[in-house]
Amino acid sequence: MKEFTTNIWSVDKESDSLSGHPQIIQASLWIKKNEVIAFPTETVYGLGGNAESDEAIEKIFAAKGRPSDNPLIVHISSVNQLEGLVADIPKRAQLLMDAFWPGPLTLVLPKGERVSRRVTAGLSTVAVRMPDHPVALELIKESGLPLAAPSANISGRPSPTAARHVFEDLKGRIPGILDGGPTGVGVESTVVDCTSEKLTILRPGGVTKEELEEVAGESAVDPALTTNESAAPKSPGMKYTHYAPDAPLYLVDGSSAFLQQLVDKEKARGRITGVLTSDENADFYDADTVIPCGSRKALESVAHHLYDALRAFNESEADIIFSEVFPKKGVGTAIMNRLEKSAGGKIIKE
Ligand code: TXA
Ligand code: MG
């Protein structure tokens, strides 16, 4: 792999107009040369490359160390770009686009002839989304190309919600990062399959099941997400270990007192302990590192802080981390999906 000096290109996303912004032009020049750069979206930072170039796609997989059977999401700035990208737009997909784009919703549609097989990992479908972030939209416009982009982390690590997270993971591997400040939602987009008989949620995310159903009627959830059976998930990425801090993380389904007992036992064995908690319970715990990640009264705040909190444990030298669980409703479904993955399924019940 080529070595780069990784530039940080700062852009104030609140500017009145980003049209012709010199840093965005810089980034787009690399895209047009089929190199890959990182950019902010409203969910997490993406690692973007020309979706029509096999060369660019290969560089994305190499920089991330991503398994090649895991397809990428194609990002667009205008619905006109769907031409050639998708073969058909079913009615309910149209309704969802009208309601949620730009926004944290990815639609899986029949693939068009212009998409590289490397993007879709050989599937007959393609995942597309229009991000709700002025820097992302301007970058796509300026490049004049749809951008294939996975989250801009090394595979297996928590997704990046700030430019410094991308730098930690990818410095030297990419020519630059467009820094648009911290992302908003904090967990990735909801991925829905619009090609199956019933609308099917393949990955819970920023748009909730309740919100989807208001627009497109009843939906199903990929059974691989809710059962422990070894059913292969329809979204290939869901089968890998993900979002993991360096130390093992255990989910604790029980009271704070029970979680503290687990901490005390580990401390007695000489271990450095970490606790991931809601703001409400932060003062209760006595551990080497206690990281509050938002309020139970506003699960959106937990989603926003989650990945930064998981990364922060790597600086704490914790040997073992215990995490509270959150209610699986609204964006809580996405939070728990990510936490279950970072725990690799390890859960302790009181
Ligand atoms: O919020 C997001 O979606 C972020 C930002 C950067 O847009 N992107 C992101 O990409 O999370 P990534 O590559 O980390 O996750 C993409 C997910 C994976 O689980 C992948 O398997 C699934 O989407 N996916 C992509 N194409 C698919 C397809 N044709 N059918 C089913 N699942 C697909
Ligand atoms: Mg990812």
Side-chain angles (χ1 to χ4, degrees), residues 36-49 51 57 60-61 63-77 85-87 100-112 115-133 135-137 139-140 146-161 165-166 169 178 180 183-196 200-207 222 224-225 232-244 303 307 331 334 337-338 341-342:
V36 303
I37 59 100
F39 65 98
T41 81
E42 80 281 32
T43 57
V44 301
Y45 274 73
L47 181 63
I57 305 307
I60 293 175
F61 280 91
K64 266 186 77 92
R66 181 177 176 106
S68 63
D69 67 344
N70 192 2
L72 306 178
I73 297 171
V74 179
H75 296 67
I76 57 174
S77 61
L85 211 61
V86 304
F100 297 107
W101 280 6
L105 179 67
T106 294
L107 303 177
V108 172
L109 294 167
K111 160 187 179 323
V115 193
S116 153
R117 282 177 53 83
R118 297 283 289 123
V119 170
T120 62
L123 296 176
S124 60
T125 55
V126 62
V128 286
R129 98 173 181 98
M130 189 188 293
D132 187 15
H133 196 291
V135 176
L137 293 171
L139 174 69
I140 300 167
L147 295 188
S151 49
N153 51 287
I154 292 281
S155 265
R157 307 239 311 153
S159 300
T161 52
H165 297 158
V166 181
D169 280 18
L178 275 169
T183 62
V185 181
V187 292
E188 298 87 340
S189 62
T190 305
V191 180
V192 294
D193 184 358
C194 300
T195 66
S196 50
T200 307
I201 299 175
L202 305 184
R203 178 178 73 179
V207 174
D222 185 354
L225 293 182
K234 284 196 75 184
S235 188
M238 299 306 278
K239 69 174 183 273
Y240 296 105
T241 310
H242 258 130
Y243 320 116
Y307 291 140
V331 76
N337 169 266
R338 307 307 193 270
K341 292 207 176 300
S342 41

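One-based numbering, in listed order, for ligands and for the atoms of each. FYI, the numbering just counts along the sequence from 1. As the structure is a prediction and not an experimental result, all values here were calculated from the model.
In this structure, Ser68 OG and Arg118 CZ are separated by 6.0 Å, a value rounded to the nearest 0.5 Å.
Here the side chains of Thr120 and Thr125 are not in contact, with every heavy-atom distance at 4.5 Å or above. Contact check for Asn153 versus Pro158: no side-chain heavy atoms found under the 4.5 Å cut-off. In this structure the side chain of Trp101 reaches within 4.5 angstrom of the side chain of Val128, judged on heavy atoms. For the pair Asp169/Pro160, no side-chain contact is recorded, criterion being any heavy-atom separation below 4.5 Å from C-beta on. Put simply, the side chain of His165 does not reach to within 4.5 Å of the side chain of Arg157, judged on heavy atoms.
An N or O contact shorter than 3.5 Å links Arg203 to ligand 1 by distance. Taking only nitrogen or oxygen atoms, main chain and side chain alike, Lys64 does not reach within less than 3.5 Å of ligand 1. Taking only nitrogen or oxygen atoms, main chain and side chain alike, Glu188 does not reach within less than 3.5 Å of ligand 1. Taking only nitrogen or oxygen atoms, main chain and side chain alike, Tyr45 does not reach within less than 3.5 Å of ligand 1.
The contact set between ligand 1 and Leu123, taken as ligand atoms under 4.0 Å from a residue heavy atom, comprises 28 (C), 29 (N), 30 (N). Of all atoms in ligand 1, numbered sequentially from 1 with element shown, those under 4.0 Å from a heavy atom of Asn70 are 18 (C), 20 (C), 21 (O). Listed by number with element, the atoms of ligand 1 under 4.0 angstrom from any heavy atom of Ser189 are 1 (O), 2 (C), 3 (O). Ligand-side atoms of ligand 1 in range of Thr125: 28 (C), 29 (N), 30 (N), range being under 4.0 angstrom from any heavy atom. Listed by atom number, the atoms of ligand 1 under 4.0 Å from Pro150 heavy atoms are 10 (O), 12 (P), 13 (O). Heavy-atom proximity to His75, at under 4.0 Å, picks out these atoms of ligand 1: 5 (C), 6 (C), 7 (O). When each atom of ligand 1 is checked for a heavy atom of Leu202 under 4.0 Å away, the hits are 31 (C).
Counting heavy atoms closer than 4.0 Å to ligand 1, residue Met130 contributes nothing at all.
With distances taken over non-hydrogen atoms, the option nearest atom 12 (P) of ligand 1 out of Ser151, Gly206, Ala148 is Ser151.
Contact between Thr120 and ligand 1 is absent, with no heavy atom of the residue lying under 4.0 Å from the ligand. The shell of residues lying under 4.0 angstrom from ligand 1, judged by heavy atoms, excludes Lys111.
Here the side chain of Lys64 pairs a donor or acceptor atom with the backbone of Ser151 at under 3.5 angstrom. In terms of modelled atom types and a separation under 3.5 Å, the side chain of Tyr45 and the main chain of Thr183 share no donor-acceptor contact.
Ring planes of His75 and Phe39: perpendicular class, angle over 60° (limits at 30 and 60°).
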Inset, instruction - Mind running salt bridge (charged side-chain N to carboxylate O under 4.0 Å, His left out) on Glu42 and Arg129 for me, showing each step along the way? - result: CA-CA 12 Å; Glu42 80 281 32; Arg129 98 173 181 98; 2.8 Å; yes
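Between the Mg ion (ligand 2) and Ser159 there is no N/O/S contact shorter than 2.8 Å.
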